[in-house]
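Below: the structure, in structure tokens.
Just so we're clear, the structure is a prediction, and the values are computed from it rather than from any experiment.
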Amino acid sequence: MASPPVVIWEHEVARLLQYTDLIPRLEEALGKFSRRDSAEVIQPVRTTVPLQKHSGFLGLMPAYMENDGVLCTKLVCFYKRGDKSNLPSAKATVVLLDPEYGNVKAVMDGDVITGMRTAAASAISAKLLMRPEAEVLAILGTGHQALSHYNAFTEIFSFKEVRVWSHSRERAEQFCKSVSGPAAPCVSVEEAVRGADAIVTVTKCTEPVLFGQWVKPGAHIAAVGACRPDWRELDDVLMKEAVVYADSREGAMAESGDVILSGVEVFAEIGDVINGTKPAYREKTTVFKSLGMGIEDAVSAKLVYDQWAAKASKL
């Protein structure tokens, strides 16, 4: 008889999940996904249910990794909040199941997982596509994803300067004071991104906020916000001048307004670069369009559960 599912709360997930463990596992999973071997990885494009009354939608993100014995789904609600709202724009729960019997093994907070696996995927894209001599990082946004990206990028790379922009000058200043490393608030997007080697966009914007005329040739952009077909963060000039990579080609063509509305083609998935089947154009301006994938949640959830189980066995 199956044991009852364990519940792993936010503080426990944060304690158990570390970038040093997560990034190599995530890189391996992204490569597996891009090989499109249905006997190894099954992950449909995210299903969404509109929550019109609440200006949001529910996303369902299942994934099955046969050889790794992982069956998982994430339920995540996204909301279009005003800049003055203190309510979270996303709330997530991850369910890990036993693929042989179908019982729930664990239910865990998905907010930390979402933030860390997204930042880890962006960091993988930067490792592969950013110029190795990069010194300046710009972060557009000051929410949870901005913080997870700051933590991941400053842990993995050695930037000499980090610039931060928000619609609210006060929030940009608060963000910079809250982090332990270097960070300077900027009054405009242009000020933040001029001359930056790497740019992370993690905003709630539904219209372009980053314009190609401001971007240094050869910069790498990790575009994380704008996860709906009619939402955008990047303008046509930038999208058309850059080499565009994605976590999932199908996901980008179905969900990314930056891709759909600009009419550009996705050159490659980041997993193609990992697998060596498509080149990494470090010398060119590159965009990594991140929509988030179920396998990223699955790999993260398995890592959290395995760490939890290992600690529990010692008690």
Side-chain angles (χ1 to χ4, degrees), residues 78-90 115 118-119 122-123 125-126 130-131 133-228 231-242 257-258 261-262 285-290:
F78 295 95
Y79 299 96
K80 185 179 177 182
R81 308 290 195 193
D83 288 326
K84 295 181 180 180
S85 172
N86 291 320
L87 295 172
S89 58
T118 307
S122 295
S125 80
M130 184 178 70
R131 292 183 176 182
E133 67 275 14
E135 295 183 342
V136 180
L137 169 67
I139 299 176
L140 309 183
T142 53
H144 294 301
Q145 283 287 3
L147 181 59
S148 62
H149 277 74
Y150 178 91
N151 291 337
F153 274 62
T154 55
E155 180 177 327
I156 296 163
F157 308 108
S158 299
F159 292 105
K160 293 182 178 179
E161 184 180 356
V162 180
R163 306 170 187 164
V164 179
W165 171 85
S166 171
H167 283 293
S168 164
R169 170 76 178 188
E170 182 182 359
R171 286 190 180 182
E173 292 174 348
Q174 289 175 346
F175 181 93
C176 293
K177 290 177 182 177
S178 72
V179 298
S180 57
C186 296
V187 298
S188 69
V189 173
E190 182 177 1
E191 179 189 354
V193 304
R194 283 282 188 188
D197 302 294
I199 302 168
V200 173
T201 62
V202 281
T203 75
K204 301 176 186 177
C205 297
T206 56
E207 299 292 336
V209 67
L210 178 61
F211 294 85
Q213 68 190 59
W214 301 334
V215 175
K216 173 183 177 179
H220 174 62
I221 299 96
V224 178
C227 59
R228 299 297 292 151
W231 295 0
R232 299 194 64 174
E233 289 185 304
L234 318 182
D235 78 334
D236 281 352
V237 172
L238 176 53
M239 290 299 293
K240 291 178 179 179
E241 288 182 350
D258 286 318
L261 299 177
S262 66
T285 304
T286 52
V287 168
F288 171 61
K289 183 56 206 178
S290 170

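- Nearest heavy-atom pair, Gly115 versus Ser148, reported as atom, atom and distance to 0.1 Å: O-OG, 3.0 Å.
- Phe175 is not listed as a side-chain neighbour of Ser166, based on a closest heavy-atom distance of 4.5 Å or more.
- Qualifying side chain to side chain contact (heavy atoms under 4.5 Å, CB included) partners for Ser180, counting only residues two or more places apart in sequence or in other chains: none.
- Considering only residues two or more places apart in sequence or on other chains, Lys160 meets the side chain to side chain donor-acceptor pair (under 3.5 Å) condition with Glu135.
- Residues Tyr150 and Pro182 come closest through the heavy atom pair OH-O, 2.9 Å.
- Under the side chain to side chain donor-acceptor pair (under 3.5 Å) criterion, Glu161 pairs with Arg163, not counting sequence neighbours.
- Every residue two or more places apart in sequence or in another chain was checked for a salt bridge (Lys or Arg N to Asp or Glu O under 4.0 Å) with Glu155, and none qualifies.
- Of all the heavy atoms in Ala196 and Ala138, the pair that sits closest is CB-CB, 4.0 Å.
- Contacts of Arg131 classified as salt bridge (Lys or Arg N to Asp or Glu O under 4.0 Å), with partners at least two apart in sequence or in another chain: none.
- Two residues are said to be in side-chain contact when any heavy atoms from C-beta on lie closer than 4.5 Å; Val200 and Ser122 fail this criterion.
- With sequence neighbours excluded, no residue forms a side chain to side chain donor-acceptor pair (under 3.5 Å) with Glu241.
- Val162 is not listed as a side-chain neighbour of Phe153, based on a closest heavy-atom distance of 4.5 Å or more.
- Atom OG1 of Thr118 and atom NE2 of His149 lie 6.5 Å apart (nearest 0.5 Å).
- For the salt bridge (Lys or Arg N to Asp or Glu O under 4.0 Å) test, residues two or more places apart in sequence or in another chain that qualify with Glu173 are Arg169.
- In plain terms, the two heavy atoms of Val179 and Ala183 that are nearest each other are CG2-CB, 3.9 Å.
- With sequence neighbours left out, the side chain to side chain donor-acceptor pair (under 3.5 Å) criterion links Glu170 to Gln174.
- Here CZ of Arg194 is found 13.0 Å from SG of Cys186. Values are rounded to the nearest 0.5 Å.
- When each of Val202, Val193, Leu147, Ile199 is checked for a side-chain contact (heavy atoms from CB on, under 4.5 Å) with Ile139, only Val202 meets the rule.
- Every residue meeting the ring-ring contact (aromatic ring centres under 6.0 Å, His included) condition with Trp214, not counting sequence neighbours, appears here in chain and number order: Phe211.
- The ring-ring contact (aromatic ring centres under 6.0 Å, His included) check on Phe159 picks up Phe157, with sequence neighbours excluded.
- For the pair Thr285 (side chain) and Gly218 (backbone), a donor-acceptor distance under 3.5 Å is present.
- Nearest heavy-atom pair, Val287 versus Ala223, reported as atom, atom and distance to 0.1 Å: CG1-CB, 4.4 Å.
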List, one per line, each side-chain donor-acceptor pair under 3.5 Å for residues 232-240, sequence neighbours excluded.
{"residue": "Arg232", "atom": "NE", "partner": "Leu234", "partner atom": "O", "Å": "3.3"}
{"residue": "Arg232", "atom": "NH1", "partner": "Asp236", "partner atom": "OD1", "Å": "2.9"}
{"residue": "Arg232", "atom": "NH2", "partner": "Leu234", "partner atom": "O", "Å": "2.8"}
{"residue": "Arg232", "atom": "NH2", "partner": "Asp236", "partner atom": "OD1", "Å": "3.0"}
{"residue": "Glu233", "atom": "OE1", "partner": "Thr201", "partner atom": "OG1", "Å": "2.8"}
{"residue": "Glu233", "atom": "OE1", "partner": "Gly225", "partner atom": "N", "Å": "3.0"}
{"residue": "Glu233", "atom": "OE2", "partner": "Thr203", "partner atom": "N", "Å": "2.9"}
{"residue": "Glu233", "atom": "OE2", "partner": "Thr203", "partner atom": "OG1", "Å": "2.7"}
{"residue": "Asp235", "atom": "OD1", "partner": "Gly212", "partner atom": "N", "Å": "3.0"}
{"residue": "Asp235", "atom": "OD1", "partner": "Leu238", "partner atom": "N", "Å": "3.0"}

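- Taking each heavy atom of Cys205 and Trp231 in turn, the nearest pair found is O-CB, 4.4 Å.
- Residue pairs meeting the salt bridge (charged side-chain N to carboxylate O under 4.0 Å, His left out) criterion with at least one member in residues 215-225, sequence neighbours excluded: Asp197-Lys216.
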